[in-house]
Novice: 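This is the structure I want to talk about, given as structure tokens.
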There are 2 protein chains.
Amino acid sequence: MTQAQTLSKNQQIVLDIIEKANSPLKAYSILFNVQKKGINAPQQIYRALDKLIEMGKIHKIESKNAFVACRSSDCEISKATAFSICENCEMVDEISDTKLSKYLSSFSDKKGTKFKRFNLEFFGLCKKCK
Amino acid sequence: MTQAQTLSKNQQIVLDIIEKANSPLKAYSILFNVQKKGINAPQQIYRALDKLIEMGKIHKIESKNAFVACRSSDCEISKATAFSICENCEMVDEISDTKLSKYLSSFSDKKGTKFKRFNLEFFGLCKKCK
DNA sequence: TAACAAATGTTATATTATAACACTTTGTTA
DNA sequence: TAACAAAGTGTTATAATATAACATTTGTTA
């Protein structure tokens, strides 16, 4: 039973912007968007981003240094994330596929080592760009 | 039949260093290591890195902004890469698992879209750190 | 309400990566 | 082999991404 998290002011501002966006946002583009709200420094953005990631509210797209809102229920606090990324228009979709998620969560390497967490990024062309 | 690639001077220098390392190297740490060899600027490193990635000689670990030599034959010009990353000591191993590679290479999302390329990063503790 | 944890605001700086331009070397082909 | 194109090099400058450190405020809980 996870406690419903209440967000701090800056966390809520940053999350709102990311949720409204339909593509991944970069930290500095978030910063430029919130300067009217009194947030002036990168630190304030990065701190909010860190907490939102911890809470599983957003994910970082590592290959793009950009952030998207979590749309999945599978990934439970970002232990198991998968994305499709369009190489042309930069669009990113979170992949929510129980079979894939189970397969990778239970994957172990040749030494039998299991892992706590994974992040998978697929690249190709989205429907529009094909 | 792929043509054996001959490397340029800088490409060879950078590749040598990455191959000798037993953990991922960052661009600027490569730079500091080769200044005695007359390479002075980040550009020179990044250009070599880009080409080496294109050739499939090295891979970028996206979550660490670091580079490792390719030890796999599965990944054919970096179309299908998977790594295990120790959260404690930062060690990275390339995962070479035919089944995993086939499964992910033929994966398609719910709209039936297939992808050209993927990168998978697993996180956990390595044998030493457990 | 005292004590502690979490979040904030701020300045400064570290780290990662690319732009732009002049020049050289290498490879191709007429 | 001369002429040209393509790839690579060297260099200066700067853009983009991210963290350190510290003083203060807010929120929580004993």
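None of these values were measured; they are calculated from a predicted model. As a basis for the values below, the full set of heavy atoms in this structure was taken, side chains included, without hydrogen atoms, waters or symmetry mates. Just so it is clear: chains get the letters A, B, ... in the order the sequence lines come, proteins before strands, and each one is counted from 1.
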Novice: Establish, with yes or no, whether the OP1 or OP2 oxygen of C/dA17 is under 4.0 angstrom from a side-chain nitrogen or oxygen of B/Tyr46.
Specialist: yes
Novice: Which base sits across from C/dT8 as a Watson-Crick or G-U pair, both distances under 3.5 Å?
Specialist: D/dA23
Novice: Can you check the A/Leu7 CG to C/dA7 P distance for me, whole Å?
Specialist: 10 Å
Novice: Which whole-number value in Å describes the distance from B/Arg47 CZ to C/dT18 C1'?
Specialist: 11 Å
Novice: Mind calculating the distance between CG (B/Asn65) and C1' (D/dT17) to the nearest angstrom?
Specialist: 9 Å
Novice: Between B/Glu121 and A/Arg117, does any NZ, NE, NH1 or NH2 come within less than 4.0 Å of an OD or OE carboxylate oxygen?
Specialist: no
Novice: What is the pairing partner of D/dA30, taking Watson-Crick or G-U wobble pairs with both distances under 3.5 Å in any strand?
Specialist: C/dT1
Novice: Can you tell me if the side-chain N/O atoms of B/Lys60 get under 4.0 Å from OP1 or OP2 in C/dA17?
Specialist: yes
Novice: Using a 4.0 Å heavy-atom cut-off, does A/Lys64 contact any base of the nucleic acid, only the sugar-phosphate backbone, or nothing at all?
Specialist: nothing
Novice: Under 4.0 Å between a side-chain N/O of A/Gln44 and OP1 or OP2 of C/dT8, yes or no?
Specialist: no
Novice: Starting from C1' on D/dA16, measure out to CZ on A/Phe67 and report it in whole angstrom.
Specialist: 13 Å
Novice: Ignoring hydrogens and angles, state whether a donor on the side chain of B/Asn119 or B/Thr81 is under 3.5 Å from an acceptor on the partner side chain.
Specialist: yes
Novice: Salt bridge between B/Glu62 and A/Lys64, side-chain N to carboxylate O under 4.0 Å?
Specialist: no
Novice: Looking at the side chain of B/Gln11, which of D/dA21, D/dG8, D/dT11 is the nearest nucleotide?
Specialist: D/dG8
Novice: Mind calculating the distance between CG (A/Leu31) and P (D/dA15) to the nearest angstrom?
Specialist: 16 Å
Novice: Assess, by modelled atom type and distance only, whether the side chains of A/Ser78 and A/His59 contain a donor and an acceptor separated by less than 3.5 Å.
Specialist: yes
Novice: Side-chain N or O of B/Lys9 less than 4.0 angstrom from OP1 or OP2 on D/dT9?
Specialist: no
Novice: Could you work out which one of D/dT11, D/dT17, C/dA7 sits closest to the side chain of A/Lys26?
Specialist: D/dT17
Novice: Just the rounded figure in Å: distance from P of D/dA15 to CZ of A/Phe32.
Specialist: 11 Å
Novice: Which part of the nucleic acid, if any, lies within contact of B/Gln43, taking any heavy atom under 4.0 Å across all strands shown: a base, the sugar-phosphate backbone alone, or nothing?
Specialist: base
Novice: Using the ring centroid of each side chain, check whether B/Phe107 and A/Phe122 are separated by less than 6.0 Å.
Specialist: yes
Novice: Quick one: A/Ile45 CD1 to C/dT8 P, roughly how many Å, whole number?
Specialist: 11 Å
